[in-house]
Amino acid sequence: MAIYALDEWEPRIHPDAYVHPDATVIGRVVIGANSTVWPQAVLRGDYGFIEVGERTSVQDGSIIHCTEQHATVIGSDCVLGHAVHVEGATVADHCLIGSGSVVLNGVVVEEGAVVGAGAVVAFGTRIPARAMALGVPARIREGYQVPEGAWQGNVDRYVANGLRYKTGLRRLDG
Ligand SMILES: CC(C)(COP(=O)(O)OP(=O)(O)OC[C@H]1O[C@@H](n2cnc3c(N)ncnc32)[C@H](O)[C@@H]1OP(=O)(O)O)[C@@H](O)C(=O)NCCC(=O)NCCS
């Protein structure tokens, strides 16, 4: 696993979390129980602080960074799809951040909200609870509320997959 201390900062990864050996975690990063971090994901806590709650998946190729001014705080029971970029933003519990989306500094994604695949959420935007933000720049889908628990199945699948990888993954190329 590529897990690095930086100066006095060491990542704190819950023993029940799963971080794939090809993911990179650096510095001031906290990862909660049953969260999962998949191949080529990078969590770089150098300028500031990164926190990931419990049962949240940070999928392949995603990049989580932060600034001195803006920590990145991601809640519990979230799904961060493949190749997501979150930079200095706050994501509350039960959110889906769709694959290939970019969530920029000072953004707040409130509980149960969705950022659609490929969206770019501009600096300082607030996405209300259970809203859906789509497109570039991301706009709220009018008159739509994300059903409660919409992504719990995905959350549970990723928790189970983390357990599976903890025992079942074997490297075959030396
Ligand atoms: C945002 C999302 C959840 C919407 O799903 P949905 O509620 O089933 O929406 P629909 O497919 O019925 O589309 C509704 C409208 O939103 C538009 N839309 C849907 N997804 C969009 C997206 N990512 N970007 C822009 N517009 C989008 C559709 O074109 C449609 O527009 P219309 O009403 O003008 O015809 C889904 O499209 C998405 O992006 N999911 C991300 C999945 C993912 O990345 N998972 C992580 C890997 S596990």
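In listed order, ligands and their atoms are each counted from 1. FYI, the numbering just counts along the sequence from 1.
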Among protein heavy atoms, which lies nearest [atom], and at what distance?
atom: atom 44 (O) of ligand 1; value: Ser99 N, 2.7 Å
atom: atom 17 (C) of ligand 1; value: Leu134 CD1, 4.0 Å
atom: atom 5 (O) of ligand 1; value: Met132 CE, 4.5 Å

(request) Could you tell me if the ring centre of Trp38 sits under 6.0 Å from that of Tyr165? (result) yes
Evaluate the 4.0 Å heavy atom contact test for [atom]: does a protein atom fall under the cut-off?
atom: atom 28 (C) of ligand 1; value: no
atom: atom 1 (C) of ligand 1; value: yes
atom: atom 7 (O) of ligand 1; value: yes
atom: atom 11 (O) of ligand 1; value: no
atom: atom 21 (C) of ligand 1; value: yes
atom: atom 37 (O) of ligand 1; value: no
atom: atom 48 (S) of ligand 1; value: yes
atom: atom 31 (O) of ligand 1; value: no

(request) Would you check the N or O atoms of Tyr158, main chain and side chain alike, for any that come under 3.5 Å of an N or O of ligand 1? (result) no
(request) Report yes if Ala117 has an N/O atom closer than 3.5 Å to an N/O atom of ligand 1; otherwise report no. (result) yes
Would you compute the distance between atom [atom1] of [X] and atom [atom2] of [Y] and round it to the nearest 0.5 angstrom?
X: Arg28; Y: Leu43; atom1: CZ; atom2: CG; result: 14.5 Å
X: Asn105; Y: Phe123; atom1: CG; atom2: CZ; result: 5.0 Å
X: Asp60; Y: Ser99; atom1: CG; atom2: OG; result: 9.0 Å

Does any non-hydrogen side-chain atom of [Y] lie less than 4.5 Å from one of [X]?
X: Val115; Y: Ile127; answer: yes
X: Leu169; Y: His20; answer: yes
X: Leu80; Y: Ile64; answer: yes

(request) Could you list which atoms of ligand 1 come closer than 4.0 Å to a heavy atom of Gly116? (result)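 Listed by number with element, the hits are 1 (C), 23 (N), 39 (O).
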(message) Among His85, His70, Glu87, which residue satisfies the side-chain hydrogen bond (donor to acceptor under 3.5 Å, both in side chains) criterion with His65?
(response) Glu87
(request) Tell me which one of Asp60, Val84, Leu80, Leu96 gets a heavy atom nearest to atom 45 (N) of ligand 1. (result) Leu96
(request) From the options Gln59, His82, Arg141, select the one whose nearest heavy atom is closest to atom 9 (O) of ligand 1. (result)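 Heavy atom nearest to atom 9 (O) of ligand 1 belongs to Arg141.
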(request) Check the side chains of Tyr4 and Glu10 for a donor-acceptor pair under 3.5 angstrom, ignoring hydrogens and angles. (result)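 Result is no, nothing qualifies.
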(request) Using a strict 4.0 Å threshold on nitrogen-to-oxygen distance, state whether Glu110 and Arg126 make a salt bridge. (result)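 Salt bridge present between Glu110 and Arg126.
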